[in-house]
Protein chains: 2
Amino acid sequence: MTRARRESGGRPRRPTMVDVAREAGVALRTVSRVVNNDPTVGPEYVAKVEAAIAALNYRPDERARQLRTGVTGTIGAAVRRIAEVNPELAAIERTARDSGLTLLAASTDFDEARERDILVSMCRQRLDGIIVEPFGENHAYLQPELDAGMPVVAMDRPMSGISVDCVMSDNASGIGIAFHHLHQHGHRRIAYIGDSERVFSGRERAVAFRAALRAHGEGVEGLVHPGEITAERVAAALDTALRGPEPATALVTGNMDTTLTVLRQLGPQAAARLALVGFDEVPLADLLQPALTVVAQQTAEIGQTAVELLRARIADPGRPVQTVIVPVTLKVRGSGEIPA
Amino acid sequence: MTRARRESGGRPRRPTMVDVAREAGVALRTVSRVVNNDPTVGPEYVAKVEAAIAALNYRPDERARQLRTGVTGTIGAAVRRIAEVNPELAAIERTARDSGLTLLAASTDFDEARERDILVSMCRQRLDGIIVEPFGENHAYLQPELDAGMPVVAMDRPMSGISVDCVMSDNASGIGIAFHHLHQHGHRRIAYIGDSERVFSGRERAVAFRAALRAHGEGVEGLVHPGEITAERVAAALDTALRGPEPATALVTGNMDTTLTVLRQLGPQAAARLALVGFDEVPLADLLQPALTVVAQQTAEIGQTAVELLRARIADPGRPVQTVIVPVTLKVRGSGEIPA
DNA sequence: ATCCTTCGAGATAACGTTATCGCGAGAATA
DNA sequence: TATTCTCGCGATAACGTTATCTCGAAGGAT
């Protein structure tokens, strides 16, 4: 096996369909037909072409095919972090693969400018569609792309400034379930620490928690702590909630980062005494002591639905915009059943 | 903002450079120059073209550019799992971005056929290069692609059947460090449970562990347990190692999955008594009790090096093939310091 | 005043594929 | 036997961009 000829010191030139056609002694179009399994090609031609393909190690250039046909067979996913535990993304990849679609995933990395870069880049690549876990505040800049027919689906949060399909969890019910679970185990002073209300899900969850408190005739003061997830802020919130005349005996954490930060702040002894229900599944939740009771999002369902919504929009760009709310489930493991 | 005109019920047609040129009253080539910031264009032409671009909401088609220029500005990463904790992949993405490269990541999912599909697909897309965390046994089918100039770098494991650049951890030293650490804490009967010796890293680590035992004048029998990572197999290995006349007082686990399986099998009480050093960092290792002492791979270094090796090969396809061994570090957290 | 250079813009040919059209040969029909 | 139809393959034009070449105008030197 010898290195392919190079032209003027650069990369070696790869054989193209023209080369295969010449080698096989047939027309270019016939090679294309064979490559695409067109049944109207005679067996002897198929044999000749396949022999030439093998002899030259020809591989079709996907870029040229995409340019010509107009479709890429690829969808984009702009999520906060690839390479972190992300069951939605895993489900997206699985569903996309099952649909014969390639997935191009990129991390927005909690950076609004980067999110924009990624989305614009995906539009320039003319992907067949984009799933985005939106982070930025305003996505109106995507309106021209929507007008031009780019299918976009939002995941976990809606997008502001544009109207697109969306799939997300039932945040309000999840908080209600967590609260109710602790209430049933005898807790009356239940606190909440979660993400900033500037973030959509943080807002929804904090609002739902306040509503749950009021619905049970409890006051709100000193119990609801949305904000940035930093060790300092969480420590301060814990301090407010757990000390004082009427200390909370139970805690709901609004997302995974908050849950882990709280556990680290509390330390093992305090964590073993405080009733805790976390929003979001936590890796290794079963290995902690006590094992962690959480409100788990149906992440696989969310990812799969995102792809299905996207495919539906690709198939029919004119269909009405749709929002799918996916229910959440309580995973009882121990930490949420500590009595008051 | 009105929907772009559609042609015969299909997707709306996007404006092209030709449309912009017509709108601006300039030549096609001039639009291309403006889009590519060619400084030789007069300011009044730039203004006209930019106005036309804004008026039509023109976005260049990356596919056509790639076809014409021959480079995609994209590298592929075929790893076992995206959407799981994968610091190497995170480092690859970061390094690629800093180099102005787009990353196309896909999960081989521990499936040899799928790995092949992904790699072949990446070759068909004419990506600028591929980083692969190899899984399959034989990659000779990639030889034609290498001959055609496709740059490939292996990560974590070498590839068999072809000769490509590779970056991986110093497995032997890591096992030696783990063994030595436990030995220093007074342990004499130290067992090993790890991945199958059919897997490259599993083989390297098991071999290194046997060597460590012999170097310290210990016998090997009943102490070294490579194999599939299943609950049953690990339970049996634990049983053999920890019972009997000379039970092991310390354990080295060969990778993250083994570590977690061992912890789940032992349960909290037994885990708190057994000295344990794991190979590979474990998420939430600091929250476990006792916190987990591990031999951590320098994953960021590995991912970054992979991109750098790839870029070097892209720049000079003829350079000699290189293997980079990255040292590992011991993270002392508690589980490995339990005395005999 | 003429020539040569430079500079900026336009015409046109690629890149590697697929889609449209056409055409010749053989089969089917009158 | 002449005519139509079908079938299978080939020539050629796109797809949307960049690269090469050309060319006219302006400016400086002789």
Side-chain angles (χ1 to χ4, degrees), chain A residues 7-8 10-49 52-53 56-73 123-128 148-149, chain B residues 7-8 10-49 52-53 56-73 123-128 148-149:
Chain A
E7 43 182 24
S8 66
R11 281 191 156 195
R13 200 183 80 89
R14 297 196 68 131
T16 75
M17 269 193 181
V18 178
D19 299 320
V20 175
R22 192 186 314 113
E23 173 85 11
V26 300
L28 169 62
R29 186 69 182 90
T30 302
V31 179
S32 172
R33 277 191 260 254
V34 171
V35 167
N36 291 285
N37 295 315
D38 188 320
T40 72
V41 184
E44 66 276 23
Y45 281 83
V46 174
K48 275 197 289 187
V49 170
I53 287 176
L56 298 179
N57 278 315
Y58 166 75
R59 298 283 175 273
D61 188 324
E62 187 63 21
R63 297 170 300 180
R65 203 193 65 78
Q66 290 178 9
L67 177 60
R68 180 60 237 234
T69 61
V71 297
T72 61
C123 291
R124 287 180 57 136
Q125 291 190 59
R126 301 290 193 271
L127 298 186
D128 292 352
Chain B
E7 44 181 27
S8 67
R11 280 192 155 196
R13 200 184 79 87
R14 297 195 68 132
T16 74
M17 268 192 182
V18 178
D19 300 320
V20 174
R22 193 187 314 113
E23 173 85 11
V26 301
L28 169 61
R29 187 68 183 91
T30 302
V31 179
S32 171
R33 278 191 258 253
V34 171
V35 167
N36 291 286
N37 296 315
D38 188 320
T40 71
V41 184
E44 67 276 24
Y45 282 82
V46 173
K48 275 197 289 186
V49 170
I53 287 176
L56 298 179
N57 278 315
Y58 166 75
R59 299 282 175 276
D61 188 324
E62 187 63 20
R63 298 170 299 180
R65 201 192 65 78
Q66 289 177 11
L67 176 61
R68 181 60 236 237
T69 60
V71 298
T72 62
C123 291
R124 289 180 54 137
Q125 292 189 59
R126 303 289 194 271
L127 297 187
D128 292 352

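Just so it is clear: chains get the letters A, B, ... in the order the sequence lines come, proteins before strands, and each one is counted from 1. Keep in mind that what you see is a predicted model, and the values were worked out from it rather than measured.
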Have a look at B:Val35 and say if it touches a base, only the backbone sugar-phosphate, or nothing, with a 4.0 Å heavy-atom cut-off.
-> nothing
Between atom CD in B:Gln66 and atom P in D:dA19, what is the gap in whole Å?
-> 14 Å
Which residues satisfy the salt bridge (charged side-chain N to carboxylate O under 4.0 Å, His left out) test with A:Glu62, sequence neighbours excluded?
-> A:Arg65, B:Arg124
Whole-Å distance separating the CZ atom of B:Arg59 from the C1' atom of D:dG16 | 16 Å
Taken to the nearest whole Å, CZ/B:Arg29 to P/D:dA19 is 7 Å
Please report, rounded to the nearest Å, how far the P atom of D:dG16 is from the CE atom of B:Met17.
-> 12 Å
Nearest-angstrom distance from the residue atom CG of A:Asp38 to C1' of C:dT17 = 15 Å
Under 3.5 Å, is there a donor-acceptor pair between the side chain of A:Asn36 and the main chain of A:Asp38?
-> no
By side-chain hydrogen bond (donor to acceptor under 3.5 Å, both in side chains), A:Thr30 pairs with (sequence neighbours left out) none
If you pin B:Thr69 and B:Thr30 to their nearest nucleotides in DNA chain C, which one's is more 5'?
-> B:Thr30
Could you check if a side-chain atom of B:Arg63 sits within less than 4.5 angstrom of a side-chain atom of A:Thr72, using non-hydrogen atoms only?
-> yes
Whole angstrom is fine here: how far is it from CZ in A:Arg63 over to P in D:dT17?
-> 16 Å
Report the nucleotide, chosen from C:dG10, D:dG16, D:dG10, that has the shortest atom-to-atom distance to any side-chain atom of A:Tyr45.
-> D:dG10
Which of C:dT18, D:dG10, C:dA11 is nearest the side chain of A:Arg33? It is D:dG10
Would you say A:Ser32 reaches C:dT18's phosphate, i.e. side-chain N/O to OP1/OP2 under 4.0 Å?
-> yes
Expressed in angstrom and rounded to an integer, what is the separation of B:Leu28 atom CG from C:dA9 atom C1'?
-> 12 Å
Under 3.5 Å, is there an N or O donor on one side and an acceptor on the other linking the side chain of A:Arg68 and the base of C:dT17?
-> no
Write down the distance between CG (A:Asp61) and C1' (C:dA14), rounded to a whole number of angstrom.
-> 14 Å
A:Pro60 side chain reached by A:Tyr58 side chain, heavy atoms, under 4.5 Å = yes
